[in-house]
Asker: 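Can you read through this structure? Questions will come right after.
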Amino acid sequence: MRVLVVEDVATVAARMAAALRAEGMEVMCAASGSEAEIARVSFKPQMVLLDLSLPDINGLEVLEQARKMYPNLPVIVATVNNSVDVAVEAMQRGAHDY
């Protein structure tokens, strides 16, 4: 399975990528919303792990764009933000899980 990790903190992205690779997955990391957009086209992920705090664009917007372009692509929001409102909004915008 090809997994795109969208996370701007390099150490967190590296840990997530290492754990996924240990499970036999092919992983690409993107540190911003614009990098995620390029990776979605070139890497063609089968799943996305998405942080909501990105340097260039709100993660919820990245989520919405991904769902519009690839409606069947599972996007899992993984963030330290534990707000119920943000979780509800992420699910409403099409997150597979939060």
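In what follows, residues are counted from 1 in the order of the sequence shown. These numbers were taken from a predicted model, which means no experiment stands behind them.
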Asker: Distance check, rounded to the nearest 0.5 Å: Gln65 atom CD versus Leu60 atom CG?
Answerer: 11.5 Å
Asker: Donor-acceptor pairs under 3.5 angstrom involving side-chain atoms of residues 6-24: please list them, not counting sequence neighbours.
Answerer:
{"residue": "Glu7", "atom": "OE2", "partner": "Val9", "partner atom": "N", "Å": "3.0"}
{"residue": "Arg21", "atom": "NH2", "partner": "Val27", "partner atom": "O", "Å": "3.0"}

Asker: Identify, with sequence neighbours excluded, every residue that meets side-chain hydrogen bond (donor to acceptor under 3.5 Å, both in side chains) alongside Ser32.
Answerer: Ser34
Asker: Supply the atom-to-atom distance Glu61 CD to Leu52 CG, rounded to the nearest 0.5 angstrom.
Answerer: 11.0 Å
Asker: Honestly curious: do Val5 and Ile38 fall in one hydrophobic cluster under the side-chain, below-4.5 Å linking rule?
Answerer: no
Asker: Atom CG in Asn58, atom CG in Leu63: separation rounded to 0.5 Å?
Answerer: 9.5 Å
Asker: Do Met28 and Ile57 land in one hydrophobic cluster if side-chain heavy atoms of ILVMFWY residues count as linked below 4.5 Å?
Answerer: yes
Asker: Suppose we screen for salt bridge (Lys or Arg N to Asp or Glu O under 4.0 Å). Which residues come up paired with Glu37, at least two apart in sequence or across chains?
Answerer: Arg40
Asker: Give me the atom names and distance for the closest heavy-atom approach of Val62 to Gly33.
Answerer: CG2-CA, 3.8 Å
Asker: Tell me the closest heavy-atom pair linking Leu73 and Arg67, and the distance in Å.
Answerer: O-NH1, 2.7 Å
Asker: Side chains of residues 44-51: which donor-acceptor partners sit under 3.5 Å, not counting sequence neighbours?
Answerer:
{"residue": "Lys44", "atom": "NZ", "partner": "Val41", "partner atom": "O", "Å": "3.0"}
{"residue": "Gln46", "atom": "OE1", "partner": "Arg2", "partner atom": "N", "Å": "2.7"}
{"residue": "Asp51", "atom": "OD1", "partner": "Ser53", "partner atom": "N", "Å": "3.4"}
{"residue": "Asp51", "atom": "OD1", "partner": "Thr79", "partner atom": "OG1", "Å": "3.2"}

